[in-house]
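A quick write-up on the structure given underneath.
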Protein chains: 2
Amino acid sequence: MESRELRYFVAVAEELHFGRAAERLGIAQPPLSRAIQQLERRLGVDLLERTSRAVTLTKAGSVLLREGRAALDAVEAADRRTRRAAKPHPGLVLVTKAGSAGELLARLLDAYAADPFAVTVDVQLCGVGEQERMLRDGRADVALLHLPFDSTLGFDTEELHTENQLAILPRGHELLSRPHVKMADVTDLPGLPLPRWPDHVGVYADGPGPKVRDTSQLYQLIALGRAAAVLPESCRTHLRSDLAAVPVLDAPKVTTVIAWPPHSRSQALAALVRTATLL
Amino acid sequence: MESRELRYFVAVAEELHFGRAAERLGIAQPPLSRAIQQLERRLGVDLLERTSRAVTLTKAGSVLLREGRAALDAVEAADRRTRRAAKPHPGLVLVTKAGSAGELLARLLDAYAADPFAVTVDVQLCGVGEQERMLRDGRADVALLHLPFDSTLGFDTEELHTENQLAILPRGHELLSRPHVKMADVTDLPGLPLPRWPDHVGVYADGPGPKVRDTSQLYQLIALGRAAAVLPESCRTHLRSDLAAVPVLDAPKVTTVIAWPPHSRSQALAALVRTATLL
DNA sequence: CGGGATCGATACCTGTGAGGTATCGATCCC
DNA sequence: GGGATCGATACCTCACAGGTATCGATCCCG
């Protein structure tokens, strides 16, 4: 199986439309139709059910969609990591969610700088759920993930830190007089709904609550008295002065882990992980 | 990057010889030379240093060898799993080392057969270190691995069982009179060296000790008074009558884990894992 | 019910490039 | 210094990826 065939199939399987998939791939529709037919013939497997009105995945087709995405990520990773390895000073790309782990990351980078194997660390901040993809397709070498929000499936990890969560409220809110609250106290505050975050493709779940893309948007909404939030307690160090926090006893604990692709072999990465575990 | 280019490069990088690599790939040498040159040009990276006498990998080349192998395994897995998914009764392929985990595996298969999501389980036995490869390239769906011997890098796992190890000796050996021994007692027994096992490519490490490929060879050598061995205590249930065992106090504990590719999604596999953890 | 719109498949053409053979040039070995 | 080894180059050929035009089926709507 050629990776070109996989790219074509994944495009069609995602769009469920030959015309749009062809446009996305920058080719005409007929060669795409033929390529998919040929792939099906070579595999001896029907991947798509097509009528002239709709295209749907067969069972085998959805297996190939999942496996094919993983394979294409691996191929892209091979490409990117090879290019990077050839640069005079390769460095490491560390990726983490914007607005999280500031304190921990700063300490990590400081401590790492003293290591004899240290190389330049390029810190990239990205949106929700994007880190795993970046590790998989070679755009990043190592990530700071936050359980239970992020998935560590397929990566090696070391736990770095576990913390409780706080309810973040506008300064002066009545709940702030309490020493601590429960999740039930903050999930249905009148006029202060919890925000919604986009998933990995940028789509928001249905339901109440304002849509937010980053913490600065969120903080502003809370300050305006339009939302509340539950965040890890490390956010306290950089909380705006017009916001305040109170511990939430029964919120899930947040664990920060350092994660990397399992077959990584660089001394620079090994040193970074070692540094992180010794923090 | 096309998977054909990766296959070509991996062949050359493994053989370090264009002629042999071409033969292995079933093509002539000149097109292979050109394909590698073109790959280097497209990547903008030197992958190989060649003189007319020797071919060696550059740093970037060894990165591409490692990443390329992983990517090719993923592509092959996509192919195989898709074909299997299209069969009327897909079933699961479980792989484990020959001669290990007999008892546990039998109990697992028994318990699983009662599960409502159960499908046919095809048990494959394989050599040392081959299981990880089979999980990665789609020949297997799930494996029983034994820590610390096998690597679980890149897989999801659940621990099933931990056991101590025994020294296996010819019946009547003087050490058998003791209630237990230490590793130091068995590593240098006169005339009874510990055996050597092949690594994942079938190569034996240098050193003393007979080369063995499976446990039946090993048992025969021990019975002949030519070797000793340290094995997990579960081997006791099927030990030959001309052998005997004594616990080794400070041998590393052996943990049996069930492992599967992290992006697996089948209910049949989920049920098998659930069954295993409840044993 | 009929005309137009939508969408995947088919027919047919073209150019690129993968792969073959013959040979060169450099290096090593005896 | 002659032969052997090995990767690179030159040159040819044909398979196939990709393009355009068009068909045939289905749906929508007046």
Side-chain angles (χ1 to χ4, degrees), chain A residues 1-62 64-65 68 71-72 75 78-79, chain B residues 1-62 64-65 68 71-72 75 78-79:
Chain A
M1 178 149 27
E2 288 304 309
S3 46
R4 186 182 47 83
E5 300 178 292
L6 277 182
R7 272 186 283 274
Y8 286 8
F9 174 74
V10 168
V12 175
E14 285 180 352
E15 301 284 348
L16 291 177
H17 189 290
F18 281 75
R20 278 196 300 275
E23 191 180 358
R24 190 174 118 184
L25 292 166
I27 65 172
Q29 171 260 319
L32 179 57
S33 283
R34 260 185 298 126
I36 302 291
Q37 285 174 44
Q38 181 178 329
L39 177 60
E40 287 178 312
R41 208 172 331 117
R42 280 212 262 255
L43 283 171
V45 167
D46 282 347
L47 301 170
L48 300 165
E49 309 272 6
R50 46 289 229 182
T51 70
S52 65
R53 302 307 292 174
V55 175
T56 56
L57 283 172
T58 64
K59 215 163 174 183
S62 50
L64 186 58
L65 175 57
L72 288 175
V75 171
D79 185 315
Chain B
M1 181 148 26
E2 288 305 309
S3 47
R4 186 182 47 83
E5 300 178 291
L6 277 181
R7 272 185 283 273
Y8 286 8
F9 174 74
V10 168
V12 175
E14 285 180 353
E15 300 283 347
L16 291 177
H17 188 291
F18 280 75
R20 278 196 300 274
E23 190 181 357
R24 189 174 120 185
L25 292 165
I27 64 172
Q29 171 259 318
L32 178 57
S33 283
R34 262 185 297 124
I36 302 291
Q37 285 175 45
Q38 182 178 328
L39 177 60
E40 288 178 311
R41 209 172 331 115
R42 280 212 261 255
L43 283 170
V45 167
D46 282 347
L47 300 170
L48 300 165
E49 309 272 5
R50 46 282 231 185
T51 70
S52 66
R53 301 308 292 174
V55 175
T56 56
L57 283 171
T58 64
K59 215 163 173 184
S62 51
L64 185 59
L65 175 56
L72 288 176
V75 171
D79 185 315

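Labels below follow one simple rule: chain letters A, B, ... track the order of the sequence lines, proteins then strands, and each chain is numbered from 1.
At D:dC16, none of the side-chain N or O atoms of A:Q38 fall inside 4.0 Å of OP1 or OP2 (strictly under the cut-off). Checking the phosphate oxygens (OP1, OP2) of C:dG19, a side-chain nitrogen or oxygen of B:R4 falls inside 4.0 Å.
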Original post:
Quick one: what's the B/S/- string for nucleotides 6-14 of chain D, heavy-atom cutoff under 4.0 Å, read 5' to 3'?
Top reply: SBBB-----
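Taking atom CG on B:L32 and atom P on C:dG19, their separation rounds to 10 Å, with Å as the unit. Computed from coordinates, the B:R41 CZ to C:dG17 C1' distance equals 12 Å when rounded to whole Å. One interatomic measurement links the two molecules: CD of B:E5 to P of C:dG17, which rounds to 12 Å at whole-angstrom precision. With rounding to whole Å, B:E2 atom CD is found 14 Å from C:dT16 atom C1'.
In this structure, the side chain to side chain contact (heavy atoms under 4.5 Å, CB included) partners of B:T51, at least two apart in sequence or on a different chain, are B:R53, B:A54. Every salt bridge (charged side-chain N to carboxylate O under 4.0 Å, His left out) that A:E14 has, sequence neighbours left out, goes to A:R24, A:R69. Qualifying side chain to side chain contact (heavy atoms under 4.5 Å, CB included) partners for A:R20, counting only residues two or more places apart in sequence or in other chains: A:E15, A:H17.
Heavy atoms of other residues, nucleotides or ligands lying less than 6.0 angstrom from CD of B:E23 number 12 at most.
The distance from atom CG of A:D46 to atom CD of A:Q37, rounded to the nearest 0.5 Å, is 11.0 Å. A distance of 12.0 Å separates CZ in A:R41 from CD1 in A:I36, rounded to the nearest 0.5 Å.
The main-chain N or O of B:L47 is found under 3.5 Å from a side-chain atom of B:E40 such that the two form a donor-acceptor pair.
Paired regions of DNA chain C, where each region holds three or more successive Watson-Crick or G-U pairs whose two hydrogen-bonding distances fall under 3.5 Å, are C:1-30 with D:1-30.
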Pairs under 3.5 angstrom only: tabulate donor-acceptor contacts from the side chains of residues 3-12 of chain A to other protein residues two or more places apart or in another chain.
| residue | atom | partner | partner atom | Å |
| --- | --- | --- | --- | --- |
| A:S3 | OG | A:R7 | NH2 | 3.4 |
| A:S3 | OG | B:M1 | O | 3.1 |
| A:S3 | OG | B:E2 | OE1 | 3.2 |
| A:S3 | OG | B:S3 | N | 3.0 |
| A:E5 | OE1 | A:E2 | N | 2.9 |
| A:E5 | OE2 | A:R42 | NH2 | 3.1 |
| A:R7 | NH2 | B:E2 | OE2 | 2.5 |

